[in-house]
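Note sheet for the following structure.
Throughout, residue positions are numbered sequentially from 1 according to the sequence presented.
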Amino acid sequence: MLKKGFLATLIVLTFLITSTVFSAETSVSIDAENADIISVLKSIAGQAEINIVISKSVTGTVSLKLKDVPLLKALESILKSNNYLYLKDDGIINVYSYEELKQQERFSKTMTRVYTLRHADVADLHRALLSMKSARGRIELNEKANQIIVTDTQEKIEEIEIAIQRLDQKEILKKFRLLFADASNIKTKLEQVIPKKKGEIFVDERTNSIVVKATAVILDNVDELDSGWDVESKQVLIEAKILQVTLDNNKKTGIDWQYLKGKYDLQGNFTQALTTGGIFQVGAISRRSHQAILEALEATSDTDVLSAPRIVVMDSKEASILVGSSEPYLVQQKDTDTGIITTETKFIDVGIKLEVTPTITEDGFVIMTIHPEVSSARRVAEVDNALAVDTTEADTTMMVRDGDTIILGGLIKDTQKQVTNKIPFLGNIPFLGLFFRNNEIEDIKTELIVFITPHILIPDIQNENLKIEALRIEELTKRQMRVHEHIDAYLSEQE
């Protein structure tokens, strides 16, 4: 029975024992806050039916929450938080401080064992075994004979010997089915970290899978690498809205963004130099201010929505949006050998062009690199009616929250429009109406305003189902291979 004081700080302490015999498979679930570490250890020992000896130097409290964690891993987590550790000795768990362990190891006898590996390469195991030795221990290699020389205490040598037996396995085949990454690309990456003499890598294009023939040590590394590489690329939905505002005499210099900034919670400088002259204004607004800005523009000026494109782009990839046309122009080329001149028709895109590259951050923001370009085509009569393109462009980078909107303003252009003035009724009379109407060219100044809203797309839950199905198929394949192995062994005996 736990003490009353311990019950006050221990919220929940339950243990799920998966085996009646103490083993690495025993699992525990612990939820404790400011609990006395000795009480926690004794309770674990009682529930798991293990023997535990705790040094008198072990004191302190611990707060943790573990669910279905292997028993030894749970012990390690509890002790490490207070700089303690444990050792197993004939089925008894001994808990020490680091100072006590060093003192004990100083007077412990050491011995030397030589292990000759049959399958694995000693160089592959060296790093893993170094992490297991004691402070006094040594791990040496005889690469020519593929041997490992271990000098350490008896307990450490026993642990290292078990690890060597597990790792020194013959080469086996393992298939890794990929869900998102391209198998050929993954093969190229694996070949950079796995030398040919240590493993063979094949591609099954039909199932987009990687097949690797190597030792268990190498395969463990491949499994970890594939898990990190075979992930779904994040995507961003970019919503754009392109408006054209006709500027009257009161707005010849463009929209007063500084005034709107104070009224509608706009963020940004709203004054940046264009790369090709003029003033480029950029800022950001929250979701709740987006609609209010649109209504304000429509209420105070002649506003037309030119386009409202939507495009999905992968994280850190460029998306291009064009609202305009392709203008033809002629290109003449002269063959230097024959002197024959050929004429080719080519096209150039003019209008409103947006190049946008979104980059998703870890905290839910999107860094938007934006290149807006506004161009118009005109013919030059003095140069054989050649095509000239007038372009206004800029570059900017902003970071906004998912769902917030970037505003690009200040893209002002002058156009000319033919206006017909006529006397009502009389101006519509055929032939005679020509004397009652006249045409004139009117200068019109407009400002293009671009709203860009990024939305981070949440991966479809179906992708998780695909992963589960892939694991199920892989496990089924393993079972079938084991059945075939038993059948082959049986037939060999019959022969």
Side-chain angles (χ1 to χ4, degrees), residues 17-28 41-42 44-45 47-58 69-172 215-221 224:
I17 308 303
T18 59
S19 174
T20 55
V21 180
F22 167 67
S23 71
E25 296 179 356
T26 303
S27 62
V28 297
L41 293 173
K42 286 184 177 180
I44 290 177
Q47 293 291 332
E49 298 182 354
I50 60 174
N51 298 315
I52 189 167
V53 176
I54 305 172
S55 169
K56 63 180 180 180
S57 63
V58 175
V69 177
L71 178 59
L72 297 181
K73 187 67 176 177
L75 284 172
E76 181 181 345
S77 300
I78 294 170
L79 297 173
K80 185 178 288 187
S81 62
N82 282 273
N83 292 321
Y84 299 129
L85 47 78
Y86 73 89
L87 293 175
K88 292 187 296 180
D89 185 12
D90 292 333
I92 300 175
I93 299 293
N94 296 280
V95 180
Y96 302 100
S97 66
Y98 279 96
E99 290 74 15
E100 289 176 320
L101 182 63
K102 289 179 181 178
Q103 187 71 15
Q104 181 177 336
E105 286 182 346
R106 184 178 302 174
F107 298 101
S108 298
K109 292 182 179 179
T110 61
M111 58 184 66
T112 300
R113 296 276 178 86
V114 178
Y115 300 94
T116 302
L117 304 188
R118 298 174 56 193
H119 307 290
D121 192 322
V122 292
D124 294 333
L125 275 60
H126 188 216
R127 185 176 179 181
L129 298 180
L130 280 176
S131 64
M132 299 179 63
K133 74 177 186 65
S134 67
R136 297 172 59 200
R138 296 197 314 275
I139 305 291
E140 299 171 290
L141 303 182
N142 180 358
E143 296 190 18
K144 188 175 182 179
N146 204 35
Q147 292 178 328
I148 296 177
I149 301 96
V150 182
T151 301
D152 215 322
T153 62
Q154 181 178 353
E155 181 181 14
K156 283 294 180 181
I157 283 182
E158 290 174 356
E159 293 180 6
I160 292 172
E161 184 172 334
I162 293 173
I164 291 175
Q165 291 173 354
R166 186 183 71 84
L167 297 174
D168 186 27
Q169 302 291 329
K170 64 180 180 179
E171 288 186 340
I172 56 177
T215 62
V217 180
I218 299 295
L219 290 176
D220 286 344
N221 293 332
E224 184 177 351

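Among residues two or more places apart in sequence or in another chain, the side-chain hydrogen bond (donor to acceptor under 3.5 Å, both in side chains) test is passed with S55 by S57, E100. Take E158 and apply the side-chain hydrogen bond (donor to acceptor under 3.5 Å, both in side chains) test, not counting sequence neighbours, and it matches Q154. Scanning for salt bridge (Lys or Arg N to Asp or Glu O under 4.0 Å) contacts around K56 gives an empty result, with sequence neighbours left out. Here A163 pairs with L129, M132 under the side chain to side chain contact (heavy atoms under 4.5 Å, CB included) rule; sequence neighbours left out. Not counting sequence neighbours, the partners of N142 by the side chain to side chain contact (heavy atoms under 4.5 Å, CB included) test are K144, A145, Q147, I149. Every residue meeting the side chain to side chain contact (heavy atoms under 4.5 Å, CB included) condition with N94, not counting sequence neighbours, appears here in chain and number order: V53, D89, I92, Y96. Under the rule for a side chain to side chain contact (heavy atoms under 4.5 Å, CB included), the partners of R113 that lie at least two apart in sequence or sit in another chain are M111, Y115, I157, E161. For N83, there are no side-chain hydrogen bond (donor to acceptor under 3.5 Å, both in side chains) partners at least two apart in sequence or on another chain. In this structure Y86 satisfies the side-chain hydrogen bond (donor to acceptor under 3.5 Å, both in side chains) test with no other residue, sequence neighbours excluded.
Across all non-hydrogen atoms, the minimal contact from S134 to D152 is OG-OD1, 2.5 Å.
In terms of modelled atom types and a separation under 3.5 Å, the side chain of N146 and the main chain of R118 share no donor-acceptor contact.
Applying the salt bridge (Lys or Arg N to Asp or Glu O under 4.0 Å) test to every pair with at least one member in residues 119-128, sequence neighbours left out, gives these pairs: D124-K198. Residue pairs meeting the salt bridge (Lys or Arg N to Asp or Glu O under 4.0 Å) criterion with at least one partner in residues 70-85, sequence neighbours excluded, are E76-K80.
In this structure, OG1 on T110 lies 14.5 Å from NZ on K156, to the nearest 0.5 angstrom. K133 NZ to I160 CD1: the interatomic distance, rounded to the nearest 0.5 Å, is 8.5 Å. The line from CD1 of I139 to CG of L125 is 10.0 Å long, rounded to the nearest 0.5 Å.
Here the side chains of I148 and V114 are not in contact, with every heavy-atom distance at 4.5 Å or above. With contacts defined as side-chain heavy-atom distances shorter than 4.5 Å, the pair L79/L41 qualifies.
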